[in-house]
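Reminder, nothing fancy here: chain letters follow the sequence lines and each chain counts from 1. Reckoned from all heavy atoms, side chains included, excluding hydrogens, waters and symmetry mates.
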2 protein chains.
Amino acid sequence: MCPSDSVMTLDSETKAVELPEDHAEELRLWLRLLTCTTLIEGEIRGRLRERFDVTLPRFDLMAQLDKAPDGMTLSDVSKRMMVSNGNVTGLVERLVESGHLDRRTSDTDRRVQVIRLTKLGRAEFRKMAAEHETWIADIFGELTEKEVRELMRLLAKTKGSAQNAVKRRQE
Amino acid sequence: MCPSDSVMTLDSETKAVELPEDHAEELRLWLRLLTCTTLIEGEIRGRLRERFDVTLPRFDLMAQLDKAPDGMTLSDVSKRMMVSNGNVTGLVERLVESGHLDRRTSDTDRRVQVIRLTKLGRAEFRKMAAEHETWIADIFGELTEKEVRELMRLLAKTKGSAQNAVKRRQE
DNA sequence: TCCAGATGTTTTAAGTCTAAAATGTTTAGG
DNA sequence: CCTAAACATTTTAGACTTAAAACATCTGGA
């Protein structure tokens, strides 16, 4: 409820010592969140490899581009995927090499590279995405509709809370 | 509610065609889960590097060992961290090199390597862990106690659902 | 005892990822 | 126009990661 109420707070006049507060619950929550994601990610990674011989990062990149018919800049992709710029460079290189992506320098800004799916890339992605969606449905299959909605709400709030924490650290 | 109700099901006598069911909600849920984890992981990684010049995988490995005073085998660590065996080998190598870990071959089974924290490793980990806990509290700070509990419950159910999906695929 | 499978670890090859420095390009202010 | 700052991308060095193969050891029957 009160984000600024940290253990490190030293603003009290009466107490300058740090109070050893208990945040074990939040820690457990974080570990559980991480476990869920790792578990699901591993399962999806394995199925993508087995079924389509494609890696998860490649699939994720193609998923971003599928939503952008006019293409995206490398920076856009980097921000959306929440990975470093240098990472995208290499990923794109390999996907251009395999014929799934088309890369060109922007007409209006020679710094900018615009990438988009080729016909082949789009066709292959669509096939993978259809199956991928059924995997996800399978993985989350034991949750009721109501639970899915509630989880969505709580994760949205978690995301907001985390984003604010990031902003606070960046002053 | 019904895990076996997949798009790929072909057991109906009257319809052999695949029904294009809508699993967009589950897909959005998965993406949100992934976003939350990536966001928080990145923040923790950055703070660990800035504050202690340590990587997240190293911290995670030390966290496992801190809970096992008598040490763990590499396999145990690998299972707990949900990473490949080969990955652990390299991580341990570097942490032994830096004096944080002690590695010895088991007396009873010469295949087995038992690792544990050194005095230095334990001392450094404890310092990091204390601060780490406050970061987590900060990041999840906008959630109420009730929301934390509810999220714990829903993620536990999600984990179970995902584990069952994994088992089903492995026959 | 012997040995076929199981188990624990390491190695290998390739890919992913990051932070930081380097490079090239644009833009604004003077 | 010039140039400093901002911006987009690539490069670099190193760490992490995986799957699969290789290696080492153990175990439980025949």
Salt bridge (charged side-chain N to carboxylate O under 4.0 Å, His left out) pairs, two or more places apart, involving residues 36-48 of chain B:
R169(A)-E43(B), E43(B)-R47(B), R47(B)-D138(B)
Ring pair (Phe, Tyr, Trp, His ring centres under 6.0 Å) contacts in which one or both residues fall within residues 151-171 of chain A, not counting sequence neighbours
none
Gap between atom CG of L33(B) and atom OG1 of T37(A) - 0.5 Å precision
3.5 Å
With sequence neighbours excluded, give me every ring pair (Phe, Tyr, Trp, His ring centres under 6.0 Å) pair touching residues 98-119 of chain B.
none
Contact list please: residues 38-60 of chain A against DNA chain D, heavy atoms, distance less than 4.0 Å, in numerical order.
R49(A)
In short, ring pair (Phe, Tyr, Trp, His ring centres under 6.0 Å) pairs touching residues 49-99 of chain A with sequence neighbours left out are F59(A)-F125(A), F59(A)-H132(A)
I'd like to know if R153(B) and E147(A) make a salt bridge, using a cut-off of under 4.0 Å between side-chain N and carboxylate O.
yes
Common cluster, L48(A)/M81(A), ILVMFWY with side-chain heavy-atom separation under 4.5 Å:
yes
Got a sec, which pairs hit salt bridge (charged side-chain N to carboxylate O under 4.0 Å, His left out) with one end in residues 75-90 of chain B, sequence neighbours left out?
none
Residues in salt bridge (charged side-chain N to carboxylate O under 4.0 Å, His left out) contact with R111(A), at least two apart in sequence or another chain:
D109(A)
DNA chain C contacts made by residues 107-114 of chain A, counting heavy atoms under 4.0 Å:
D109(A), R110(A), R111(A)
When you list every nucleotide of DNA chain C with an atom under 4.0 Å from a heavy atom of chain A, which one comes first 5' to 3', and which comes last?
dG15(C) to dT26(C)
Trace of the side chain to side chain donor-acceptor pair (under 3.5 Å) decision for S78(B) with N85(B):
CA-CA 6 Å; S78(B) 167; N85(B) 284 334; 3.0 Å; yes
Which Ile, Leu, Val, Met, Phe, Trp or Tyr residues join V112(A) in one cluster when any pair of side-chain heavy atoms under 4.5 Å counts as a link?
V114(A)
Pairs touching residues 65-74 of chain B that satisfy salt bridge (charged side-chain N to carboxylate O under 4.0 Å, His left out), sequence neighbours left out
D66(B)-R122(B), D66(B)-R126(B)
Of all of residues 63-101 of chain A, which get a heavy atom below 4.0 angstrom from DNA chain D, listed by number?
T73(A), L74(A), S75(A), N85(A), G86(A), T89(A)
